Structure formats: structure tokens, C-alpha cells
Amino acid sequence: MVFKRFVEIGRVAFVAFGPHEGKLVAIVDVIDQNRALVDGPCSGVKRQSMPFKRMQLTDYVIKVPHSARQKYVRRAWEKAEINQKWEASNWAKKIEARKKKAKMNDFDRYKVMKAKKMRNKIIKHEMKKLQKAAAATAKKKFLHMDKLEDCSDTATLHTLD
Amino acid sequence: MKASGTLREYKVVGRLLPSAKNPTPPLYRMRIFAPNHVVAKSRFWYFVSQLRKMKKASGETVYCGLVHEKSPLKVKNFGIWLRYDSRSGTHNMYREYRDLTTSGAVTQCYRDMGARHRARAHAIQIMKVQVIPANKCRRPAIKQFHVSVCSFPSTEMLTVFCLKMGPGLGADTEVVSEHVTAVFNMSVWSAWVRCTSQQVSHWTGAVTSFSLKPVRKKWPNSSSRSSLPSYNLAALTIGNIPT
């Protein structure tokens, strides 16, 4: 499938910019090629026309007939538990993470620096231990194999004599 | 007229001034689409003088009021009959638009005429605007939306959603790509931060589930000798972080 998310009646979209940026809306009707009649009863967006350029489609579709009243859109939205599903999605989590990162003050950045340093130290420590162990076993095997070769040489020497 | 912004629908009623010959002159009403009421009244007189023996000097505007859309949240199909002057003559046209409001549709019409036929607003006269039921629509561009299951993919480039959290945080920069590298997972860091306050010795015991698979690489020259194994660093995972 080239396209996985379609503009359709009931598709939940994320508003990327404009006055309602950051909110989820449901596409209730398609006005024309560039606009949709959109409604977000559970996210505080009044029923209005919105251009597709402002919307980013999500994976969720609610079951509503076209031009359904806000009451029924709200009912279908709550039944499908869109808000919970959205909060649990990776997309929403990434937005949260970006928000937090943008809100960091100097102390937070210091904490992050210390945490990363600690994490990398532990990783390197374990890595070095494992590398040493692997090197030790490899060396052992190498020496063992060399020993075998030596034996074969002496055998030939004997025969030549 | 300059069709600035989105036009508004006005109901303008005017009549000739009463005179001895004509003590009660008839009232004439027009639906005018104009940016404001001043232009609306002006257009009213422009049209009325073309259609009747009436002019602003010998007449009066009885009423000029804004007409609000009756159902602004319902998608409608509008048929617009208009007359416009092209470079070589004047023509009649019938055009269809899909919109929520009548004034929205007429505004669309003016923009469309300017785009497709280079017709300026002063050269366009809107004769009739009517809501058309879906089965009476004639234009295929409008009829394509009269499907019960109207679905099409959206081919928009996804921009990374950057909230405007404050000045100087680079919120204006947009990365136009779906493949943005992962951002810090703050919940992980918060757990880490809690741990750094405890002693480091707690950690050495805790980090138990390291999964590291040595990958035996075959050197091209020596097939008998085994080389030191190389590690797939990407497979490094850290176990549960104690809280």
C-alpha cells in the first residue's frame, strides 16, 4: 500500500498549525479539494472549515455518518476512546518530549548532562569487561591452535631426519 | 468594486423619492455581495440604474443590512450565474462552487474568475446565486464530492510539530521530514535523575541484562585463524532502571 491514511469521514487529524495547533479533530465532511468541515468536540475545536494543509492524518477513524451533528461526533469519539489512544501513541509522546526539552532550564540541562555521563560510563564499563573476556577466550584459542601447528612441524622434522 | 477579503451579503432596499406624480414609489430590493455596506449601497445604485429609471440623486436607500448565513455549518453546492466583460466582449456564465456560506461561494467565484479569465471585480456582475441540490449539479469538479464514501489520501509533507514555547528556542525551524531522529525520552531521564542522587555502587549490581552478541567476522586472508570478535554496538540494551 502506498498510502495508508486516507482523508475520509470520521478520520481523526492532528492540527499542525494555525489557531488550533496541537489539537485533534475529526473530519466530518469534505467541502472541496482543499477544505474539510471539521469538528473536535472532545478537544475544544468548534465545528468549522479547515484546510487539509493544516491537518496531519492520524491512524484513528471514528464511525460517524457525513455531516453528523456534534453530539454524535462526541459520542463516537468517546466510544472509540480517541483521547486515551492518542495519549498512549508514540506521536503524542514525542510531542510531549519535545515540549519538555524546550522547557528545560539550565539546571535541567545540567541534570541531563550528568545522567548521560553516568549512563555512558556504565555502558563503557560493561563493554570493556565483555571485550576483555572475549579477548581472553580468543587468545586462548589462538594459543591452542598454534600449539597444534608446532606439533605438526616437529613430526615432519623427524621424518626428514 | 474591489472584492477585498471575504465578501458579505447585504440586502439593500431603495426607491425613488416620492413626488407629486409618484407619491408612493415602489420599493426595490437587491442581494448585493460587497466587502462593506458603503460599497453595497454604491453597487445597489449601479445595478438599479441599469435596470430601472432610478438613480441615487433622485432616490433613497430605505434599508441596507447584513444577511447572515442560515446554516454556516452545512456544506452546500452553489450555482452562480454571472455576466462578465472579457477583453473582447461580454459573456454570461454559470459556475458552481462548494462552500459553507453564500458569501464564501461568491468570494470564491470572484477569485476563480480572476484566476481563470483574468476578469477584474469591476467587470463582473453576479446575477443570481442559488443553493443547488446535489443531483442538479452540472460540473464534474463539484459532483466528485457527491459520493457517499469520499476518501482520498493526503499528500502533504509532514512537518515536525514545533510548539512555540518561548523566545529564542528555535521554534521557527521546521524539519520537513518524517524521519526525525529520536528525541530524548524524558521519562527515562527523570528515572535516571532520581538514580544519580543515590550512590553509584547501586548501579554496578543493577545493570545485569546486557545483551551483547559477538559477531565473528571472517578476515579475507586468514581463514584458519579466528579474529577478535567485533561487537554490534547497536544491540546494547540496558536493563530496567531502578527507581
Side-chain angles (χ1 to χ4, degrees), chain A residues 2-9 11 13-14 16-17 21-22 29-33 35 37 39 47-49 52-53 55-57 66-67 70 91 93-103 108 111-112 114-116 118-119 121-123 125-127 130-131 134-135 137-139 141-142 145, chain B residues 72-75 97-100 104 108 141-142 144-145 147-156 158-166 169-171 180 182-193 195-196 200 203-204 206-207 210 212 214 224-229 231 233 236 238 241:
Chain A
V2 185
F3 290 107
K4 293 193 208 83
R5 298 174 183 161
F6 288 83
V7 168
E8 51 195 321
I9 311 296
R11 170 70 60 179
F14 175 77
F17 56 88
E21 61 178 304
D29 207 350
V30 169
I31 300 175
D32 60 16
Q33 197 193 342
R35 293 179 296 160
L37 182 62
D39 202 357
R47 180 172 273 228
Q48 63 199 250
S49 88
F52 290 121
K53 283 212 160 101
M55 297 189 248
Q56 294 177 357
L57 306 178
H66 89 235
S67 322
Q70 192 180 66
W91 190 341
K93 287 194 197 137
K94 278 193 250 173
I95 292 171
E96 256 315 296
R98 261 181 242 130
K99 272 197 226 177
K100 287 199 184 130
K101 189 176 180 195
K103 273 215 203 102
D108 290 329
K111 283 191 267 185
V112 169
K114 283 292 176 190
K116 277 168 82 180
M118 170 116 359
R119 180 182 87 149
K121 192 189 267 186
I122 292 163
I123 292 172
H125 183 64
E126 291 296 320
M127 255 284 282
L130 288 161
Q131 271 182 334
T137 49
K139 197 173 181 188
K141 233 189 169 182
F142 176 69
M145 283 178 69
Chain B
L73 297 176
K74 195 169 130 211
V75 184
Y97 298 97
R98 237 171 107 79
D99 205 306
L100 296 171
Q108 246 184 305
I142 302 300
Q144 70 178 335
F145 293 106
V147 195
S148 60
V149 179
C150 183
S151 107
F152 49 90
S154 162
T155 55
E156 297 302 329
L158 289 195
T159 59
V160 167
F161 175 57
C162 296
L163 282 180
K164 295 176 179 43
M165 291 313 293
L169 281 169
V180 180
V183 186
F184 299 125
N185 186 343
M186 285 308 279
S187 58
V188 175
W189 290 126
S190 59
W192 280 103
V193 162
C195 295
T196 49
V200 185
W203 278 108
T204 48
V207 189
F210 255 92
L212 211 64
S224 56
R225 298 244 180 107
S226 64
S227 64
L228 287 172
Y231 290 92
L233 283 172
L236 269 177
I238 305 177
I241 304 152

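Because only heavy atoms are used, hydrogens play no part in the values below, and waters and symmetry mates are left out as well, while side chains stay in. All chains are named by letter (A, B, ...) in the order of the sequence lines, taking the proteins before the strands, and each is independently numbered beginning at 1. Just so you know, these numbers come straight off a predicted model, no measurement behind them.
Here the closest heavy-atom approach between residue Pro153(B) and residue Phe6(A) is recorded as N-CD2, 3.5 Å. The two residues Val30(A) and Val75(B) make their nearest non-hydrogen contact at O-CG1, 4.3 Å. Across every non-hydrogen atom of Ser154(B) and Phe3(A), the tightest pair is O-CE2, 4.4 Å. Closest approach of Asp32(A) and Gln108(B) over heavy atoms only: OD2-NE2, 3.5 Å.
Here Ser151(B) is the residue among Gly104(B), Ala141(B), Pro72(B), Ser151(B) with the most heavy-atom pairs under 4.5 Å with chain A. The residue among Lys53(A), Gln48(A), Arg11(A), His66(A) with the most heavy atom pairs within less than 4.5 Å of chain B is Lys53(A).
Remark: Asp29(A) CG to Lys74(B) NZ distance equals 11.0 Å, nearest 0.5 Å. The CD atom of Gln144(B) sits 7.0 Å away from atom CD of Gln33(A), with the distance rounded to the nearest 0.5 Å. From Leu37(A), atom CG reaches atom CG of Leu100(B) across 5.5 Å, with rounding to the nearest 0.5 Å. Atom-to-atom distance recorded for Gln70(A):CD and Leu73(B):CG is 9.0 Å, nearest 0.5 angstrom.
At a 4.5 Å heavy-atom cutoff, the contact between Phe145(B) and chain A is made by side-chain atoms alone. Proximity to chain B is absent for every atom of Ser67(A), based on heavy atoms less than 4.5 angstrom apart.
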